There are 2 protein chains.
Amino acid sequence: MPTASSRLLALLSLLQARRDWPGAVLAERLGVSPRTVRRDVDRLRELGYPVASAKGPDGGYRLGAGSALPPLLFDDEQAVALTVALQTAATSVTGIEEAAARALTTVRQVMPARLRHRVDALRVVAVQRAGAATKPRVEPALLMALSAAVHAREELRFDYPPAPTAAPADGVPPPRRTQPHHLVTWGGRWYLVAWDLDRADWRTFRVDRIRPRTPTGPRFTPRELPGGDVAAYVAGRFTGATGPGDWPCRGEVILDLPARTVSAWTRDGVVEELGPDRCRLVLGAWSWPGLAAVLGRYDADIEVVGPPELREAFAHLARRYTAAAQP
Amino acid sequence: MPTASSRLLALLSLLQARRDWPGAVLAERLGVSPRTVRRDVDRLRELGYPVASAKGPDGGYRLGAGSALPPLLFDDEQAVALTVALQTAATSVTGIEEAAARALTTVRQVMPARLRHRVDALRVVAVQRAGAATKPRVEPALLMALSAAVHAREELRFDYPPAPTAAPADGVPPPRRTQPHHLVTWGGRWYLVAWDLDRADWRTFRVDRIRPRTPTGPRFTPRELPGGDVAAYVAGRFTGATGPGDWPCRGEVILDLPARTVSAWTRDGVVEELGPDRCRLVLGAWSWPGLAAVLGRYDADIEVVGPPELREAFAHLARRYTAAAQP
DNA sequence: CCGTAGCGGTCAGTTTGTGTCCGCTACTGC
DNA sequence: GCAGTAGCGGACACAAACTGACCGCTACGG
């Protein structure tokens, strides 16, 4: 039998059972020398268990907070929030579902019995919106690394292979040099909002395509994001001007509908009121026919402001729809 | 570092998180050979942990119930998952963001310092998809009450006011009598999947409209959901037959595109492969023109299978698009 | 009846664990 | 402040274990 491993677990339960354990007693109980006990305690500490020790007479080892002692004082709402958030984590963020499940069982352990029961009773089924399976998985370590750079305000270099749809460039693109400002999740995908030092402009990078290079660069002083609000910036990024690989097509139309109605039905895009039953809509999409199709959703007369490609797409779709309407 | 001992703890943690773990997957996760995984499992069994295993295809390891686990600690991945899940909780579930934030600070307290720093460094901005603000807030207490009924298998009576869009009925509808089976979140909304005793059929209720009545009824024996899988049932509910207030229009078309391509671009809906470049798509929407418009996104020839309303909608949209294409 | 997946034996090479010995430091009580 | 106690940790040599590779075997499901 593997004496070392099982002894470690035994040591854990001994430390759990009593407040103070002199090293000599532990040595005897575990059948090893005091030196080995000290080594085992070290190992536990390396694993993260907070083992406190006191020197001098009445010294000894004791298991500190963090694993058992103070049952975590959650109120009911916190317990519900924890459970729901961890059980549905996969819906908004791919790639961490299993870690989230483990985290839930871990916190469960340090809860008072009453809350533990609540957690057990709360079983949530999070149904993915279809298409979620195709979302890229993001490594927790990568998230951590990027966020650490944001937090430390350290310049970040990374490789960023172009999207496969992009035209093949000549040779390997040089690494990006950036000042990372925000880590953002939007629609189940991760983005890094950063100032691109070479392009001297803000960029929104897909986290799953980022390959960080070491070492990180010097510290930088954060700039102010245009508009100040990250959420607004990112939301606008996907509807406004063409970003790197995002919304290659962007068009402008006038709809015979109240601005209120249109914005209620519009996920992204900019709506501007022109009259009680008339508004301007600027919207982005991956392709011109796609954009034209989306604009058809509004069941209202459409006047194309531009660009011409959008007009052509409407003509294209009109032909296709005419054909589809034939029995 | 004692790789063997910590690996045992990691193995325990993994086994807790999921029902079934193929040996090969565990081997990869732990960074050892499958042989060593088998040995580790043996060790756990020697230490008294009930690890069940199944041979053959779909085999794997699973942790039996009932054993007292050693105090497990958060590892790096759990810390990241916890932080991300709690910071982005509002994205998938409205109404718990504040409780989630408080829960995070509470959990933070029982983490080793190293992980605490990681948590602090991980700052995530969760950007709502537009339209999320209109999502109804759901009370944690209500979720808890419903989930408790599901867990306890107690029949549930509740008032369920009809959607405001429905025709005004005469008088107040009587309370629903149901056998609640699953609590489901989908696209930021909450649903209760239950067997409606009066209608003798399955129903999907919007949680935010449910007003429970007390007391709850007697215990019931769960029925089997058609198809067995809740996720599939709910997903189908919103794309298939008309549910309560969901997807009033549903149509079927054949597209000249590979099924893979279509499902990659389809949030909801059922895709069926008909050939290498041909597939059937069943999709739901709020209106016929809306459905026709969405189908235009795929930039492929469309053959309408039915219903006739969809064909008409295509003709309607064709006229509109022709007009829009005029300068 | 075949493919998958868990089971377990053997073996060699290497890593780790262990006890012993020893000097050091922190705390307590006298 | 001085002794005694108890935890800390380096060094070292020997023993034990762990690990991966390779093997054939057994259930199970289709």
Side-chain angles (χ1 to χ4, degrees), chain A residues 1-67 98, chain B residues 1-65 67 70 112-114 228-229:
Chain A
M1 68 188 93
T3 59
S5 316
S6 61
R7 200 179 53 238
L8 227 52
L9 292 173
L11 181 54
L12 256 184
S13 49
L14 284 178
L15 287 172
Q16 264 191 305
R18 207 210 276 183
R19 279 278 266 281
D20 274 295
W21 287 95
V25 178
L26 286 176
E28 198 193 351
R29 284 293 286 267
L30 298 171
V32 290
S33 72
R35 183 67 185 90
T36 300
V37 169
R38 263 176 274 150
R39 277 194 275 246
D40 281 352
V41 168
D42 272 351
R43 287 200 254 271
L44 283 186
R45 288 205 255 246
E46 263 179 68
L47 291 173
Y49 291 90
V51 182
S53 54
K55 299 182 173 185
D58 298 328
Y61 297 90
R62 140 184 335 199
L63 193 55
S67 41
E98 164 260 313
Chain B
M1 69 192 93
T3 60
S5 317
S6 63
R7 206 180 48 239
L8 279 190
L9 289 168
L11 181 53
L12 265 181
S13 176
L14 286 175
L15 286 173
Q16 271 192 53
R18 210 207 275 182
R19 287 201 89 82
D20 275 295
W21 286 95
V25 176
L26 288 176
E28 201 193 347
R29 282 299 291 263
L30 299 171
V32 292
S33 71
R35 183 65 184 91
T36 299
V37 169
R38 262 176 274 149
R39 278 194 273 246
D40 282 351
V41 168
D42 275 350
R43 286 200 255 272
L44 285 185
R45 289 204 256 245
E46 268 179 58
L47 292 172
Y49 297 96
V51 182
S53 54
K55 298 182 174 185
D58 299 326
Y61 297 90
R62 138 182 337 196
L63 189 58
S67 71
R114 192 179 57 88
D229 180 40

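Small disclaimer: the values here were computed from a predicted structure and weren't measured. Within every chain, numbering begins at 1; the chains are lettered A, B, ... in the order of the sequence lines, protein sequences first and strands thereafter.
- Whole-Å rounding puts the R43(B) CZ to dA17(D) P distance at 11 Å.
- Near-neighbour residues of DNA chain C inside residues 22-38 of chain A, defined by a heavy atom below 4.0 Å, number-ordered: V32(A), S33(A), R35(A), T36(A).
- Nucleotide dT19(D) holds its P atom 12 Å from the CG atom of L11(B), rounded to whole Å.
- One atom, CG of L8(B), and another, C1' of dC18(D), lie 12 Å apart when rounded to the nearest Å.
- Within 4.0 Å (heavy atoms only), R62(B) reaches no atom of the nucleic acid at all.
- Whole-Å rounding puts the Y61(B) OH to dG8(C) P distance at 9 Å.
- A search for salt bridge (charged side-chain N to carboxylate O under 4.0 Å, His left out) contacts involving R19(B) returns nothing, not counting sequence neighbours.
- Under the rule for a side chain to side chain donor-acceptor pair (under 3.5 Å), the partners of E98(A) that lie at least two apart in sequence or sit in another chain are R102(A), R29(B).
- Taking T36(A) as the reference, S33(A) meet the side chain to side chain donor-acceptor pair (under 3.5 Å) condition, with sequence neighbours excluded.
- When distances are taken from the side chain of D42(B) to each of dT18(C), dG8(C), dT19(D), the shortest belongs to dG8(C).
- For the OP1/OP2 pair of dC8(D) and a distance below 4.0 Å, the side-chain nitrogens and oxygens of R45(A) include at least one atom meeting the criterion.
- Among residues two or more places apart in sequence or in another chain, the side-chain contact (heavy atoms from CB on, under 4.5 Å) test is passed with A27(B) by P34(B), V37(B).
- Rounding to the nearest 0.5 Å places OH of Y61(A) at 6.5 Å from CZ of R45(A).
- Considering only side-chain N and O atoms, R39(A) lies nowhere under 4.0 angstrom from the phosphate OP1 or OP2 of dG19(C).
- With W21(A) as reference, L14(A) is the one residue of V41(A), V51(A), L14(A) to meet the side chain to side chain contact (heavy atoms under 4.5 Å, CB included) rule.
- Applying the side chain to side chain donor-acceptor pair (under 3.5 Å) test to R62(B) and every residue at least two apart in sequence or in another chain returns D20(B).
- R7(B) is linked by a side chain to side chain donor-acceptor pair (under 3.5 Å) to D40(B), counting only residues two or more places apart in sequence or in another chain.
- Put simply, the side chain of R43(A) never gets that close to the backbone of L8(A): no donor and acceptor are under 3.5 Å apart.
- Distances shown here put a side-chain N or O of S53(B) below 4.0 Å from the OP1 or OP2 atom of dC7(C).
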Quiz item: What is the per-nucleotide protein-contact pattern of nucleotides 25-30 of chain D, from the 5' end, where B denotes a base atom under 4.0 Å from a protein heavy atom, S denotes such proximity for sugar-phosphate atoms only, and - denotes neither?
Solution: -BBB--

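- For the pair D40(A) CG and dG17(C) P, the computed distance is 9 Å after rounding to whole Å.
- Between the axis at the start and the axis at the end of the helix from dC1(C)-dG30(D) to dC30(C)-dG1(D) there is an angle of 60°, using five pairs per end and rounding to 10 degrees.
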